Amino acid sequence: MNWDMLEPIFIIISIDIILGGDNAVVIAPASRNLPEHQRNKAIIIGTGLAVVSRVALTTIALYLLAIPYLQLVGGLLLIYIAVKLLINEEESASIKSSDSLLTAIKTIVFADIVMGFDNVLAIAGASHGNIVLVIFGLLISVPIIIWGSRIILKLMEKFPILVYIGAGILAFTAAEMILEDPHVEEWLQVIAPVVTVIPFIVVLLTVMTGYLVNKQLPEK
């Protein structure tokens, strides 16, 4: 397996872990009222169905990104998501717990779909149209998220640099999405020699924007 295959897989796994940790922590309470054996079933079945739904939604997103200028719009939206990831704002979300196995599974899958839009968009961009990479990356990353979400979040709280690295990966993916839009490629013919550095400029601007906005926020 060469680097051209390994790079998007690494990016897909990184994106899903960075963006998915908080999703899993919010989803986890859905099964807390179940007996332990049912709780594990809910998490395993819910995780499996979440992977299937992510693959299906990402496949749809891959086709949608073929629409003219949609990669440009998607890339810009992904840059916004990357900046938002960096800004230290408190977000609250609540998921009701359930004492029914089926209800808990439905809650896990539904919450993952609703909260996973940013993941789907980012993964569609990082995969460069290869659905096999999407499936492989999700099969690795989603179980890590579900079972290790609290550890991931604690690491991100303890080492803020990880959040900046994650935002940088998102920004890099966003820039590549924008540059791969056929109409954007036409515009960029005149500056072809410097196109390769554009993703790194976007990463730098994204990280600096998040850092400067955080500096302006009042201390908590």
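Residue numbers start at 1 and run along the sequence shown. Predicted, not measured: the structure shown is a model, and the values here were computed from it.
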So if you build clusters from Ile, Leu, Val, Met, Phe, Trp, Tyr with side-chain heavy-atom gaps below 4.5 Å, do Leu64 and Ile123 land together?
-> no
Locate the shortest heavy-atom distance separating Ala126 from Ile12; write the atom from each residue and the value.
-> CB-CG1, 4.0 Å
To the nearest 0.5 Å, how far apart are CE in Met208 and CG in Leu205?
-> 9.0 Å
Heavy-atom nearest pair, Pro199 first then Ala175, reads CA-CB, 3.5 Å
Would you say Tyr63 and Ile60 are hydrophobically clustered, going by side-chain heavy atoms of ILVMFWY under 4.5 Å?
-> no
Check against side-chain contact (heavy atoms from CB on, under 4.5 Å), Leu179 and Val195 | CA-CA 8 Å; Leu179 294 176; Val195 165; 4.0 Å; yes
Report yes if some heavy atom in the side chain of Leu212 is under 4.5 Å from a heavy atom in the side chain of Gln216; otherwise report no.
-> no
How many angstroms lie between CG in Leu86 and CD1 in Ile81, if you round to the nearest 0.5 Å?
-> 12.5 Å
What's the spacing between Leu133 CG and Ser127 OG if we round to 0.5 Å?
-> 6.5 Å
hydrophobic_cluster_shared for Val163 and Phe10, side chain cutoff 4.5 Å | yes
Residues passing the ring-ring contact (aromatic ring centres under 6.0 Å, His included) test with Phe200, sequence neighbours excluded, are Phe172
Considering all heavy atoms of both residues, which atom of Val120 and which atom of Ala61 are nearest to each other, and what is their separation?
-> CG1-CB, 4.0 Å
Side-chain donor/acceptor pairs under 3.5 Å, residues 70-78, sequence neighbours excluded:
{"from": "Gln71", "atom 1": "NE2", "to": "Met177", "atom 2": "O", "distance (Å)": "3.0"}
{"from": "Gln71", "atom 1": "NE2", "to": "Glu180", "atom 2": "O", "distance (Å)": "3.4"}

Say whether Tyr80 and Tyr211 are linked into one hydrophobic cluster, either directly or through other cluster members, by side-chain heavy-atom distances under 4.5 angstrom.
-> yes
Hits for side-chain contact (heavy atoms from CB on, under 4.5 Å) against Ile131, two or more places apart or cross-chain, chain-then-number order -> Val55, Thr59, Leu62, Val134, Ile135
Following the transitive rule for hydrophobic clusters with a side-chain heavy-atom cut-off under 4.5 Å over Ile, Leu, Val, Met, Phe, Trp and Tyr, establish whether Val184 and Ile67 coincide in one cluster.
-> no
Given Ile79, Ile201, Leu170, the one that forms side chain to side chain contact (heavy atoms under 4.5 Å, CB included) with Thr206 = Ile79
